[in-house]
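Some notes on the structure that comes next.
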2 protein chains.
Amino acid sequence: MTIKEVCEKYDITADTLRYYERVGVIPEVTRTPGGIRDYQETDIAWVENAICFRDAGMPVEMLIEYVKLYQEGDSTIDARTNLLKEAREAILEARKKYDIALEKLDYKIGRYEIAQKTGVLTWTCDEDDKKKG
Amino acid sequence: MTIKEVCEKYDITADTLRYYERVGVIPEVTRTPGGIRDYQETDIAWVENAICFRDAGMPVEMLIEYVKLYQEGDSTIDARTNLLKEAREAILEARKKYDIALEKLDYKIGRYEIAQKTGVLTWTCDEDDKKKG
DNA sequence: TCTTGACTTGGAGTTAACTCCAAGTTGTAG
DNA sequence: CTACAACTTGGAGTTAACTCCAAGTCAAGA
């Protein structure tokens, strides 16, 4: 699979893919004899992981560390487990914050929609932002 | 409430609070006659909102836009509602990605824990990353 | 009143994560 | 064999969101 195909498949730029490889977010990608990237199943799995975890806010540094440990072999299994657990906690924490924001948004949207429907503001925005967020 | 107290209450730096005010993420804060920030209930509500929405990944630009619309008065209620709905969609989208990452993490952690308990790798990490992510 | 520490401003600097660029190489279609 | 698009590299540039700094002002205690 060419870099272009991978880009299209995952809606990501070639620059980002090359950057991920360069800094070690993914291991070195398989090449053709001419030196052109030819993504194999394994390479693609790493790309998929990288995108998935980046999408969840996991820092590039952490992914680099994971790949480094992975390449050091079985002796790093404990370290890798810990790293993954740490990432899990961070993601759970972040998700909690998303839920709180959603609640707040829903409350505000609800208020605004009533105002729109009735054409009347039964409350001042000031009051709303002051008392209920 | 002084800037320091607000910092401590929300675990945020004074620089960030001043930055938020400067760029318009929150409206101008009440001052003492001497020009020193003296956060009132309303000011604090804005700070709380800003932190909450930033924590959910809402871009600073969007918060600035909301405050701008808010200050223009009731004629911008439709625009504000749309903005909030847009933010809501973005947060829902992001949260979905967090859930996917969590699933992947849980799967990997489960595998690693079995390896740790039994002291045996019944699978190669390569295989794991290749086939199951 | 003096000191001392927290506050003020505008502007410059930093960080993470890309994103772009120039100059050169590869590979496919005609 | 020749174009020509797509690929390669190292390195520089950009963006969002802070974060820090210098020079000066304010306010509470001795």
Side-chain angles (χ1 to χ4, degrees), chain A residues 1-40 43-44 46-47 49-68 87 90-91 94 97 101, chain B residues 1-40 43-44 46-47 49-68 87 90-91 94 97 101:
Chain A
M1 216 176 189
T2 68
I3 197 167
K4 198 169 187 218
E5 288 166 334
V6 177
C7 288
E8 277 156 14
K9 181 163 182 188
Y10 294 106
D11 193 30
I12 185 176
T13 71
D15 272 319
T16 300
L17 278 174
R18 282 189 287 253
Y19 162 73
Y20 280 176
E21 187 177 350
R22 179 156 34 142
V23 300
V25 162
I26 57 172
E28 299 216 336
V29 169
T30 313
R31 305 296 178 112
T32 64
I36 292 188
R37 288 176 182 81
D38 181 23
Y39 290 81
Q40 302 303 307
D43 301 316
I44 289 172
W46 279 106
V47 168
N49 276 331
I51 293 171
C52 175
F53 293 136
R54 282 292 304 120
D55 278 349
M58 193 163 153
V60 159
E61 262 312 317
M62 213 165 185
L63 291 169
I64 293 171
E65 179 67 12
Y66 182 79
V67 170
K68 211 193 92 216
I91 293 176
K97 290 186 174 169
Chain B
M1 218 179 189
T2 67
I3 198 168
K4 198 169 190 218
E5 288 166 333
V6 178
C7 289
E8 276 157 13
K9 181 161 183 193
Y10 296 105
D11 192 30
I12 185 176
T13 70
D15 272 318
T16 299
L17 277 174
R18 282 189 288 253
Y19 162 72
Y20 280 176
E21 186 176 350
R22 180 158 32 144
V23 301
V25 162
I26 59 173
E28 300 218 335
V29 169
T30 311
R31 307 293 180 114
T32 64
I36 292 189
R37 287 175 184 81
D38 181 23
Y39 291 81
Q40 303 302 307
D43 301 315
I44 289 171
W46 280 107
V47 168
N49 276 330
I51 292 171
C52 175
F53 293 136
R54 283 292 305 122
D55 278 349
M58 193 163 153
V60 159
E61 263 313 317
M62 212 163 185
L63 291 168
I64 292 171
E65 178 67 14
Y66 181 80
V67 169
K68 212 193 91 217
I91 293 175
K97 291 187 172 167

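Residue numbering restarts at 1 for every chain, and letters A, B, ... go by the order of the sequence lines.
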Rounded to whole Å, CZ of B:Arg31 lies from C1' of D:dA27 at a distance of 16 Å

Among the nucleotides D:dC7, C:dA6, D:dC18, whichever has the atom closest to the side chain of B:Lys4 is C:dA6

Walking DNA chain D from its 5' end, the first of A:Asp38 and B:Pro59 to be reached, judged by nearest nucleotide, is A:Asp38

Across all chains, not counting sequence neighbours, the salt bridge (charged side-chain N to carboxylate O under 4.0 Å, His left out) partners of A:Lys4 are none

Distance col, row A:Asp15:CG vs A:Tyr19:OH, nearest 0.5 angstrom, shows 12.0 Å

(message) Whether B:Arg54 contacts D:dA16 is assessed here as follows: a side-chain N or O lying under 4.0 Å from the phosphate OP1 or OP2. Is that the case?
(response) no

Out of C:dA17, D:dC7, D:dA17, minimum distance to the side chain of A:Thr2 belongs to D:dC7

When rounded to whole Å, the CG to P distance for the pair B:Asp11 and D:dC18 reads 13 Å

note: B:Ile51, atom CD1; D:dC18, atom P; distance rounded to Å ~ 10 Å

May I ask you to check whether B:Asp43 and B:Thr30 show a side-chain donor-acceptor distance below 3.5 Å?
yes

To the nearest angstrom, the CE-P distance between B:Met62 and D:dT15 comes to 20 Å

By nearest-nucleotide position on DNA chain C, the 5'-leaning member of B:Ala14 and A:Met58 is B:Ala14

Contact string for nucleotides 20-30 of chain C, one letter per nucleotide 5' to 3', B = base within protein heavy-atom range under 4.0 Å, S = sugar-phosphate only, - = neither, reads B-----SS---

In whole angstroms, the gap separating C1' of C:dC18 from CD of A:Glu61 amounts to 14 Å

From CD1 of B:Ile12 across to C1' of D:dT19 the rounded distance in Å is 12 Å

Separation of D:dA17 atom P from B:Ile64 atom CD1, nearest Å, is 8 Å

Under 4.0 Å between a Lys/Arg side-chain N and an Asp/Glu carboxylate O for A:Lys68 and A:Glu65?
-> yes

Taking only side-chain nitrogens and oxygens of B:Tyr20, does any of them come within less than 4.0 Å of OP1 or OP2 of D:dA17? no

OH (B:Tyr39) and CD (B:Glu21) are apart, to the nearest 0.5 Å, by 5.5 Å

Please tell me if B:Tyr19 has a side-chain N or O lying less than 4.0 Å from either OP1 or OP2 of D:dA16. no

Of B:Glu21 and A:Gly57, the one whose closest nucleotide on DNA chain C sits nearer the 5' end is B:Glu21

Query raised in the report: Quick one: does A:Asp38's side chain have a donor or acceptor within less than 3.5 Å of a partner on A:Arg31's backbone?
Result: no

Looking only at C:dC7, C:dC18, D:dT8, the nucleotide nearest the A:Arg37 side chain is D:dT8

In this structure, CE of B:Met58 is separated from CG of B:Leu63 (nearest 0.5 Å) by 4.5 Å

To the nearest angstrom, the OH-P distance between A:Tyr39 and D:dC7 comes to 10 Å

